[in-house]
Every structure is written in structure tokens, then in C-alpha cells.
Amino acid sequence: MPGCFKKTLFALASLMSFVSFILIVVAMGTPKWMTGKILCKTGVDLVNATDPELVKFIGEIYYGLFRGGKIRQCGLGGRRSKFTIFPHMVKKLNTGLHVMIIMFLCVAIFFSLVSFGFCILNAIKVPYRAIKGPAGACLWNFLAGGFIALAVTSFMAAVKLHHLTERIANFRENVFQFVILEEQFEDCFWLCVASATAHAANLLLIAISGINFPKIKTKTEEANVTAEDIMY
């Protein structure tokens with residue numbers, strides 16, 4: 001049976017793995033990975049709008065891995081619309097990269113659950129095989145955190161290098177052209193970053209559990225034997 005200290009560390013690691021699993025699931029299902037402001041360039045060019053009038057042509061956009069929405073401002077008031085990435089819009093985007101992001105997160109979910117199970121196992125007992133022990137728990141946490149990091153990096157590449165926001169904003173816009181004024185990573189993106197951080201913290205906890213701390217020995221008081229004690 002593992003000691004109380006190791007039990008506590010592995011119980012905490014299992015909790016972190018489960019929290020990581022929840023964070024990834026919530027992030028994937030929420031359409032708030034990215035928000036931005038979009039300018040209706042066609043409308044501005046038509047009326048030669050100046051700085052005070054540009055507000056009438058600035059809309060908003062938000063999206064996640066599966067759906068999103070935008071507010072079009074082309075001088076005649078805001079028009080709200082919602083869209084889904086699959087099955088139509090994904091053809092306009094970098095399909096391979098977008099699917100890879102989703103696959104990376106799905107694999108990370110699997111390894112997060114495996115890590116959760118292995119940490120629970122190590123908190124309950126000392127496994128006979130090494131792969132089921134701390135080494136195995138380290139491996140699954142490393143893989144889970146690595147795949148989350150790949151997903152986050154791929155999404156950043158899609159936004160910055162492949163102009164994901166601009167492609168989504170101009171999807172099926174035959175008359176108006178939109179340009180991106182600003183864009184910002186939102187809560188769901190940072191949830192994935194927090195999930196990867198949780199697995200990194202697990203690696204630290206597992207490493208600490210392998211340290212053999214010196215045991216504190218209590219000094220026994222030496223008995224003072226006197227001549228009177230011997231007589232009695």
C-alpha cells in the first residue's frame with residue numbers, strides 16, 4: 001500500500017486529470033474560441049466613409065470549432081446570423097488543419113481519462129508492473145498535455161497564418177467584403193491552455209511522489225538508573 005503522502009499526491013493528480021477532461025469537453029462544445037471586429041470594406045468604399053462614420057460599418061464575429069455567429073454592419077443597421085463549420089463552411093477553410101485540431105483534442109480527452117484511471121490506481125495500491133505505476137501515469141499525462149498543446153498551436157496557426165477569421169467572415173458573402181480589424185482569443189481557447197497546464201502540474205506531482213524524504217526519528221529518552229532504583 002502507498003504511504004499517506006503518495007496517496008494524497010496521486011489523488012490530487014487524478015482530480016487534475018478529471019478537471020482537464022471536463023475543460024476540454026466544455027471548450028470543444030462552446031463557440032467562443034475567437035472573437036473579433038469586422039469592417040464592411042465594400043460599404044465603406046461605396047459611401048467614402050470617414051472616421052466618425054466607420055462605426056456604422058464595424059460588426060462583430062465569434063466562432064469555435066463547430067459553430068459561431070456574426071453581426072454584419074454595412075450602413076443599414078446590424079444583421080445577426082449564425083453558422084456551422086460542418087459540413088459546408090469547412091470546405092472554405094483549411095480542412096485538414098481544422099480536422100486535425102478536433103482529432104488532437106479527442107485524443108487528449110482519451111489520454112486524460114487514462115491518466116485519471118492510472119492515478120486512481122496508484123493512489124489505491126502499488127502496481128506490480130512498472131507501466132502501471134508512476135512511469136505509466138507520467139506517460140499518459142505527457143501524451144494528454146502534448147496533444148492539447150498541438151491542438152492549441154494548430155488553432156493559432158489557422159488563425160494567424162491561414163487567416164481563419166477572415167475566411168469565416170467572408171463565407172458566402174457575394175456582395176460585401178469584410179476585413180478584420182481586431183481578433184482576440186477567448187475563454188474556450190484558454191480553457192485548453194489551462195488543461196495542458198493541469199497535465200504539466202501532474203507531471204510535477206508524480207515526480208515529487210517519487211522522492212524518498214528522510215524519516216524523522218524521535219529520540220528516546222535515556223533512562224537514568226540510580227542505585228536506589230536497583231535496590232527497589
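Quick note: numbers below take in every heavy atom, side chains included, and nothing from hydrogens, waters or symmetry partners. Predicted model, so just to flag it, every value in this text is computed and none were measured.
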Please examine the side chains of F178 and C74, heavy atoms only from C-beta on, and report whether any two atoms are closer than 4.5 Å.
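Yes, side chains in contact.
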
Side-chain contact test, heavy atoms from C-beta onward, threshold under 4.5 Å: evaluate it for E60 versus K70 and give yes or no.
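Not touching, per the 4.5 Å side-chain cut-off.
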
What closest approach, in Å, do [X] and [Y] show between heavy atoms, and which atom pair accounts for it?
X    : Y    : result
N122 : K132 : ND2-O, 2.9 Å
G59  : Q73  : CA-CG, 3.7 Å
F185 : V159 : CE2-CG2, 4.3 Å
W33  : G64  : CD1-CA, 3.7 Å
C188 : A27  : O-CB, 3.5 Å

Check ring pair (Phe, Tyr, Trp, His ring centres under 6.0 Å) between F118 and all other residues, then give those that pass, not counting sequence neighbours.
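Applying ring pair (Phe, Tyr, Trp, His ring centres under 6.0 Å) to F118 gives W140.
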
Among I24, T30, V26, which residue satisfies the side chain to side chain contact (heavy atoms under 4.5 Å, CB included) criterion with M28?
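Single side chain to side chain contact (heavy atoms under 4.5 Å, CB included) partner of M28 among I24, T30, V26: I24.
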
Residues in side chain to side chain donor-acceptor pair (under 3.5 Å) with H163, at least two apart?
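H163 satisfies side chain to side chain donor-acceptor pair (under 3.5 Å) with no other residue.
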
Path from L93 to I180 over hydrophobic side-chain contacts below 4.5 Å:
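Same cluster.
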
When you look at CZ of F142, are more than 12 heavy atoms from neighbouring residues, nucleotides or ligands closer to it than 6.0 Å?
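Atom CZ in F142 is not packed in, count stays at 12 or less.
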
Run F171 and R167 through side-chain contact (heavy atoms from CB on, under 4.5 Å) and show every step you take.
CA-CA 6 Å; F171 179 70; R167 292 189 182 199; over 6 Å; no

